[in-house]
Amino acid sequence: MKVVIVGGVAVGATAAARIRRLDENAEIIVFERTGYISYANCGLPYYIGDVITDPEDLTLQTPESFFERFRVIMKVRHEVTAIHPERKTVSVKELESGAEWEEAYEKLILSPGAKPVVPKLQGVGLKKVFTLRTVEDTLRIKEFIDKNRPKSAVLAGGGFIGLEVAENLRHLGMEVTIVQRPRQLMNPFDGDMAALIHNEMRKNGVKLLLGRTVEGFAEKDDKVEILLKEEAPLQADMVILAIGVTPDTKLAQEAGLKLGLKGSIVVNDRMETSVPDIYAAGDAVQVRHFVSGEDALISLAGPANKQGRIIADNICGGDSRYQGSQGSSVIKVFDMTAACTGINETNAKKAGIDADTVILSPMSHAGYYPGGKVMTMKVVFEKETSRLLGAQIVGYDGVDKRIDVIATAIRAGLKATELKDLDLAYAPPYASAKDPVNMAGFVIDNIAKGIVKQWYLADAEGLPRDGSVTLLDTRTPGEYRRGYIPGFQNIPVDELRDRLHEIEKGKPVYVICQSGLRSYIASRILEGNGYEVYNFAGGYRFYEAVNNDRCLIEKETACGMDVMSVQAKKQDFHFGQN
């Protein structure tokens with residue numbers, strides 16, 4: 001059996017190694033147009049920032065090492081220029097010599113990946129305007145920085161690559177500005193959770209210009225001028241385009257393969273394309289979202305590696321199936337960690353799912369053990385069925401392990417209420433006896449049983465101030481003085497039973513505290529005394545962080561409902577660490 005693989009990195013290298021493990025006699029040839037067959041794509045920004053100092057650390061395998069171990073022929077700087085399904089060959093061009101020929105195959109694997117989105121704007125070809133996708137891109141950026149010592153950079157785009165590059169350029173001492181049209185960074189997160197990421201970026205000196213449109217680039221005074229729609233231009237020593245990626249599927253299109261979203265390759269659950277004996281995987285293919293069931297493009301290394309393995313199994317006579325992607329991901333944002341899995345609230349509602357959320361702020365480990373830090377968790381679930389849809393977590397410690405637990409629960413089909421039953425490891429330095437994941441399950445279980453009713457951030461501005469409802473803040477007087485929502489009266493939770501006469505019966509009561517715990521206790525006290533009560537999802541810490549972020553985006557001192565807080569006038573917030 002002869003297998004030709006177009007593209008190395010995650011899919012190509014994984015498939016080649018797996019085929020060899022299953023079939024010692026297969027002839028396997030990989031054509032890779034770059035100079036690297038297998039490299040740590042996700043580590044590229046950290047080489048730019050000198051966190052990884054040896055470029056060889058980015059190269060996981062060389063053609064020589066791969067051949068020595070697996071007897072796979074790796075042809076770097078060889079580009080496949082055409083596919084001929086009718087005669088089962090591919091056209092190959094050796095980029096250094098220009099030699100061209102056709103290579104026959106019995107099975108063909110396409111792993112072309114994705115290419116950076118480069119908008120058709122004036123000046124995108126300037127020498128100081130870069131994209132980052134390959135090792136070669138990284139080396140060019142690194143060489144420019146080492147040679148020219150730029151003091152400022154503008155990043156167009158605020159996804160994973162944009163944030164990681166921004167952090168690493170800040171570590172080099174550069175002034176960094178992120179400009180993008182969407183009004184939030186990190187699209188997999190809901191806007192309210194993205195506000196916490198915005199705060200961390202600002203705290204570390206990254207300037208955010210959100211909701212702005214880049215219209216082009218120009219050279220001026222040995223700098224790059226970034227032209228903005230209806231605003232004064234910016235100037236920087238360099239620009240990096242991190243707007244996103246799009247499937248690189250020109251070969252597939254020209255060969256007549258069926259295409260889907262944004263020109264991606266359509267495959268079935270065996271990773272087979274519409275043409276017999278041609279398989280495809282990785283960033284170039286359309287997949288089924290595991291949670292929503294909808295077609296999706298999910299460019300992540302984990303799914304790509306799994307898909308490469310599935311292709312190898314099926315080529316070698318097996319019957320492996322890809323069950324779909326759920327977008328589990330994590331990112332380092334300076335000292336903070338942000339992670340998500342499944343679908344967020346925004347996308348759940350777009351998919352027509354009647355979704356609900358809980359937002360809580362548990363400690364990373366037992367509160368009495370030194371060093372614990374607050375994390376903010378948002379768990380999304382279907383109201384009627386309690387089906388677990390997704391989660392987002394932003395914090396400083398223990399974020400990654402909690403998102404992995406929830407990702408596993410989604411994959412196993414657990415209901416959101418069943419998170420309370422998970423038997424998770426506990427010791428004071430690592431967790432609490434009631435783990436944050438368990439706590440999310442407890443809250444959702446209370447909602448499912450009707451023990452708790454919630455009100456949400458989106459309700460805040462519309463709550464009546466005409467006396468028809470009671471607005472109650474159950475924090476301490478000191479906390480209340482440092483910042484409160486106008487219209488909310490302050491009765492600390494521990495004084496509530498003795499001051500029930502101050503709360504008029506027959507009116508709904510909307511309760512808030514710092515994190516949601518004390519207001520929940522207050523809700524139970526009030527419910528037990530005959531009141532109709534709604535507890536705020538998230539707590540005042542969350543409300544203030546999101547509201548302040550929205551004000552900063554608008555470049556105003558206040559917006560919507562004014563937060564009566566000295567901290568609302570500052571730009572250097574430190575939520576979630578106290």
**Message:** Just checking Lys415: does its NZ atom have more than 12 heavy atoms from other residues, nucleotides or ligands closer to it than 6.0 angstrom?
**Reply:** no
**Asked** Sub-3.5 Å donor-acceptor pair from the side chain of Asp397 to the main-chain atoms of Ser364, do we have one?
**Response** no
**Prompt:** Can a salt bridge be assigned to the pair Arg402 and Asp435 using a cut-off of 4.0 Å between side-chain N and carboxylate O?
**Reply:** yes
**Arg212 side chain to Lys229 backbone, donor-acceptor under 3.5 Å** = no
**Asked** Is there side-chain contact between Phe536 and Ser519, with at least one heavy-atom pair below 4.5 Å?
**Response** no
**Message:** Are Gln454 and Val358 packed together at the side-chain level, in the sense that at least one heavy-atom pair is separated by less than 4.5 angstrom?
**Reply:** yes
**Request:** Drop me the distance from Met186's CE to Ile331's CD1, to the nearest 0.5 angstrom.
**Result:** 4.5 Å
**Message:** Distance check, rounded to the nearest 0.5 Å: Ile447 atom CD1 versus Phe442 atom CZ?
**Reply:** 14.0 Å
**Prompt:** Just how far is it from atom CG of Asn529 to atom CG of Leu500, taken to the nearest 0.5 Å?
**Reply:** 5.0 Å
**Message:** If you count every heavy atom of other residues, nucleotides or ligands that lies below 6.0 Å from Arg181 atom CZ, does the total exceed 12?
**Reply:** no
**Message:** Between Arg482 and Glu544, does any side-chain N to carboxylate O distance fall below 4.0 Å?
**Reply:** no
**Message:** In terms of relative ring orientation, are Tyr480 and Tyr484 parallel, tilted or perpendicular, with 30° and 60° separating the classes?
**Reply:** parallel
**Expected output: side-chain Gln307 to main-chain Val11 donor-acceptor under 3.5 Å** = no
**Asked** Any sub-3.5 Å donor-acceptor pair from Thr474's side-chain atoms to Ile512's backbone N or O?
**Response** yes
**Prompt:** Can you check whether Gln489 reaches Leu472 side chain to side chain, under 4.5 Å on heavy atoms?
**Reply:** yes
**Request:** Answer whether the closest heavy-atom distance between the side chains of Leu526 and Leu496 falls below 4.5 Å.
**Result:** yes
**Prompt:** Crowded around Lys420 NZ? As in, over 12 foreign heavy atoms under 6.0 Å?
**Reply:** yes
**Message:** Looking at Val206, is its backbone amide N or carbonyl O close enough to the side chain of Arg202 to form a donor-acceptor pair, meaning the two atoms are under 3.5 Å apart?
**Reply:** no
**Request:** State whether the number of non-hydrogen atoms from other residues, nucleotides or ligands found under 6.0 Å of Lys332 atom NZ is greater than 12.
**Result:** yes
**Message:** For Asp473 versus Asn490, what's the shortest heavy-atom pair and its separation?
**Reply:** O-ND2, 3.0 Å
**Prompt:** Any donor-acceptor pair under 3.5 Å linking the side chain of Asn168 with the backbone of Glu164?
**Reply:** yes
**Message:** Looking at Arg465 and Pro486, would you say the former's side chain and the latter's main chain have a donor-acceptor pair under 3.5 Å?
**Reply:** yes
**Message:** Using modelled atom types and a 3.5 Å cut-off, is there a donor and acceptor pairing between side-chain atoms of His198 and backbone atoms of Leu185?
**Reply:** yes
**Item:** NZ/NE/NH1/NH2 to OD/OE distance under 4.0 Å, Asp335 and Lys373
**Value:** no
**Request:** Quick one: do Arg518 and Glu479 satisfy salt bridge (charged side-chain N to carboxylate O under 4.0 Å, His left out)? Show the steps, please.
**Result:** CA-CA 13 Å; Arg518 284 173 288 175; Glu479 290 173 311; 2.9 Å; yes
**Asked** Does Tyr369 OH have over 12 foreign heavy atoms under 6.0 Å away?
**Response** no
**Message:** As an exercise, state the distance from CD1 of Ile406 to CG of Leu414, rounded to the nearest 0.5 Å.
**Reply:** 11.0 Å
**Item:** Charged N-O contact under 4.0 Å between Arg170 and Glu167
**Value:** no
**Asked** Are the side chains of Leu210 and Gln180 in touch, meaning some heavy atoms are under 4.5 Å apart?
**Response** yes
**Message:** Can you confirm whether more than 12 heavy atoms, excluding those of Arg497, are under 6.0 Å from its CZ atom?
**Reply:** no
**Asked** Given side chains that start at C-beta, do those of Val214 and Ile243 come closer than 4.5 Å, heavy atoms only?
**Response** no
**Prompt:** Counting distance only, does the side-chain N/O of Asp283 pair as donor-acceptor with the main-chain N or O of Ser299 below 3.5 Å?
**Reply:** no
**Asked** Going from CG on Asn547 to CD1 on Ile485, what distance comes out if it is rounded to the nearest 0.5 angstrom?
**Response** 8.0 Å
**Item:** Derivation and outcome, side chain to side chain contact (heavy atoms under 4.5 Å, CB included), residues Phe189 and Val394
**Value:** CA-CA 10 Å; Phe189 292 77; Val394 178; 4.2 Å; yes
**Request:** Measure the NZ-CD1 distance between Lys378 and Ile393 for me, rounded to the nearest 0.5 Å.
**Result:** 13.0 Å
**Message:** Less than 4.5 Å apart, side chain to side chain, heavy atoms only: is that true for Arg387 and Val291?
**Reply:** yes
**Message:** Please check: side-chain N/O of Gln286 versus main-chain N/O of Ser264, any donor-acceptor pairing under 3.5 Å?
**Reply:** no
**Request:** Answer yes or no: does atom NZ of Lys507 have more than 12 heavy-atom neighbours from other residues, nucleotides or ligands under 6.0 Å?
**Result:** yes
**Message:** Around atom NZ of Lys262, are there more than 12 heavy atoms from other residues, nucleotides or ligands closer than 6.0 Å?
**Reply:** no
**Asked** Should the ring pair Phe488 and Trp455 be called parallel, tilted or perpendicular, given that the plane angle runs from 0 to 90° and is split at 30 and 60?
**Response** parallel
**Asked** Looking only at side chains, do Tyr456 and Asp356 share a donor and an acceptor under 3.5 Å apart?
**Response** yes
**salt bridge (charged side-chain N to carboxylate O under 4.0 Å, His left out) between Arg550 and Glu554, intermediate numbers included** = CA-CA 6 Å; Arg550 289 173 178 173; Glu554 295 293 341; over 6 Å; no
**Item:** Note, Tyr430 side chain near His365 side chain (heavy atom, < 4.5 Å)
**Value:** no
**Item:** Distance under 6.0 Å and angle within 45° of ring axis: Arg475 vs Tyr540
**Value:** yes
